[in-house]
2 protein chains.
Amino acid sequence: MPDSRGTDMDRTVRLAQDLLFFAYRDFTNAADVLLEEIGLGRAHHRALHFIGRNPGMTVSELLAILRITKQSLARVLGDLVTRGFVAQAKGGADRRQRLLTLTESGAALEQRLFARQHACLAPAFEAAGPEAFAGFQAVMRAIMDPEARSVLDAAGDTDVR
Amino acid sequence: MPDSRGTDMDRTVRLAQDLLFFAYRDFTNAADVLLEEIGLGRAHHRALHFIGRNPGMTVSELLAILRITKQSLARVLGDLVTRGFVAQAKGGADRRQRLLTLTESGAALEQRLFARQHACLAPAFEAAGPEAFAGFQAVMRAIMDPEARSVLDAAGDTDVR
DNA sequence: TAAATAGGTCAGTATTATTGACTCATCGGC
DNA sequence: GCCGATGAGTCAATAATACTGACCTATTTA
């Protein structure tokens, strides 16, 4: 006999809190074993993911997406550059910028990490069906702030349908 | 001109990675300002949330849900008990157990934190509509591991519809 | 030329988590 | 009633991720 208090929307929000916690936990866990083998953390994975998704992006752009400080990113990015997973090139238009790309081995690593999360997510989407995915996408987009939505659109995350 | 490589499902999974990252980030951020005022962290919020949702749960059950170690929980739970937000009662059937409940002030605090996330989530669900929410729920349930799904069911998270 | 911007760096600290090794009280089966 | 298993708590050391604040360099722009 759970929460029978509150409005319908209150109960919906409580449910959603649980859904977000468990789904996000298991989604991120999917890549953890591999990350530990390599000796990297989730922060490194996030950086690899977004650099792979937006090749040639600047450090500022990555900072804006991750919403962490320059000093926090420095450690992570330093590790990735040192170990040869990420390359930095001077910007053409603005030579102060460092354009970030994955190296060949960085792309290979990202691919292996991607495979883990693919194994977690793809069966879920198959099971739930395309209409459910459309609803999922609509809700997730509505939850995030407008700036994140435009980042998504800029990245070419058009409805995959 | 983004990822045109990979299968349709590959692109769907890439999109989902972004959706999960941004939505979860902004969902958790919603309560952060209030948490900082109170001098607590997200880990404290998670504990308050699940204790409020499952009153009388044991420490073991909470550990199983959060999937952290006893030592990690000890700090968080210690803070919450010391500051009078959580009460511990000896179990009736098994007196080794400590049954966790929110105190009056704990429930009040959880309510204030809940309000922040309500303000983030409710408008999103209103905007996306009930069918989208159903799809969101189906996908999120499918992403999490079976154990988490049964925790959800046990908590009375029946389809809110 | 001067201010602003992109990026990097050093130093110190906080939060959340980990592993490992214990103690104590209580339960349950024999 | 004893004894191993279990629920909970604790001490100590460490790691990952993040923060603030203060600087520095190179480059762009007004």
Side-chain angles (χ1 to χ4, degrees), chain A residues 21 24-25 28-29 31-51 56-83 86-101, chain B residues 21 24-25 28-29 31-51 56-83 86-101:
Chain A
F21 174 75
Y24 192 78
R25 184 196 63 182
T28 52
N29 279 351
D32 279 354
V33 175
L34 182 50
L35 284 168
E36 186 152 16
E37 280 174 24
I38 314 284
L40 298 175
R42 288 181 189 171
H44 300 93
H45 186 187
R46 284 196 289 274
L48 284 174
H49 168 78
F50 285 111
I51 295 170
M57 78 190 307
T58 67
V59 173
S60 289
E61 287 164 353
L62 184 52
L63 282 173
I65 285 179
L66 296 174
R67 299 239 183 115
I68 58 178
T69 58
K70 193 171 44 163
Q71 296 90 329
S72 290
L73 181 58
R75 174 186 57 90
V76 170
L77 210 46
D79 290 345
L80 293 174
V81 170
T82 299
R83 298 179 54 171
V86 167
Q88 291 169 308
K90 284 197 179 177
D94 185 337
R95 295 197 311 171
R96 290 172 304 181
Q97 297 176 337
R98 297 292 175 268
L99 308 185
L100 303 171
T101 50
Chain B
F21 173 76
Y24 192 78
R25 184 195 64 181
T28 51
N29 278 351
D32 278 354
V33 175
L34 183 49
L35 285 168
E36 185 152 18
E37 281 174 22
I38 314 284
L40 298 175
R42 287 180 191 171
H44 300 92
H45 186 188
R46 284 197 288 274
L48 284 173
H49 168 78
F50 284 111
I51 295 170
M57 76 191 309
T58 67
V59 172
S60 289
E61 287 165 353
L62 185 52
L63 282 174
I65 285 179
L66 296 175
R67 297 237 183 116
I68 58 177
T69 58
K70 193 170 46 164
Q71 297 87 329
S72 289
L73 181 58
R75 175 186 56 89
V76 170
L77 210 48
D79 290 346
L80 293 174
V81 170
T82 300
R83 297 178 57 170
V86 167
Q88 290 170 308
K90 285 197 179 177
D94 186 336
R95 294 197 312 170
R96 290 172 302 181
Q97 298 176 333
R98 296 291 176 271
L99 308 184
L100 304 170
T101 50

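Each chain gets a letter, A, B and so on, in the order its sequence line appears, and its residues count up from 1.
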Residue mapping more 5' on DNA chain D - nearest nucleotide basis, A:Arg95 or B:Ser60: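 So the residue in question is B:Ser60.
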
Between B:Val59 and A:Ala93, who's closer to the 5' end of DNA chain D by nearest nucleotide?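 Final value for this comparison: B:Val59.
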
Whole-Å distance between [N] [atom2] and [X] [atom1]?
X	N	atom1	atom2	result
B:Asp32	C:dA14	CG	C1'	14 Å
A:Lys90	D:dA26	NZ	P	9 Å
A:Leu40	D:dA16	CG	P	10 Å
A:Arg67	D:dT17	CZ	C1'	18 Å
B:Leu63	D:dT10	CG	C1'	14 Å
B:Leu73	D:dA8	CG	P	10 Å
A:Gln97	C:dA4	CD	P	19 Å
B:Ile68	D:dA16	CD1	C1'	15 Å

If you look at every strand shown and take non-hydrogen atoms under 4.0 Å, does [X] touch a base, only sugar-phosphate, or nothing?
X	value
A:Gln88	sugar-phosphate
A:Ser72	base
A:Arg75	base

Does the [X] side chain pair with the main chain of [Y], one donor and one acceptor, at a distance under 3.5 Å?
X	Y	value
B:Arg98	B:Arg96	yes
B:Glu36	B:Val33	no
B:Arg83	B:Val81	no
B:Arg25	A:Ile65	yes

Select one nucleotide: of [options], the one nearest the side-chain heavy atoms of [X].
X	options	answer
A:Lys70	C:dG7, D:dT27, D:dG7	C:dG7
B:Asp94	C:dT26, C:dT18, D:dT27	C:dT26
B:Ala74	D:dT10, D:dT27, C:dC27	D:dT10

Should [X] be listed as having a side-chain N or O under 4.0 Å from OP1 or OP2 of [N]?
X	N	result
B:Arg46	C:dA17	yes
B:Thr58	D:dG7	no
B:Thr69	C:dT19	no
B:His44	C:dT16	yes

Taking the six-membered ring for Trp, are B:Tyr24 and A:Phe21 ring centroids under 6.0 Å apart? no

Is the base of D:dG21 touched by the side chain of A:Gln71 through a donor-acceptor pair closer than 3.5 angstrom? yes

Is a donor-acceptor contact shorter than 3.5 angstrom present between the side chain of A:Arg96 and the base of C:dT5?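 Check passes, donor-acceptor contact within cut-off.
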
Could you go through residues 68-76 of chain A and list every donor-acceptor pair under 3.5 Å that involves a side-chain atom there, pairing it with any protein atom two or more places apart or in another chain?
residue	atom	partner	partner atom	Å
A:Thr69	OG1	A:Ser72	N	3.3
A:Thr69	OG1	A:Ser72	OG	3.2

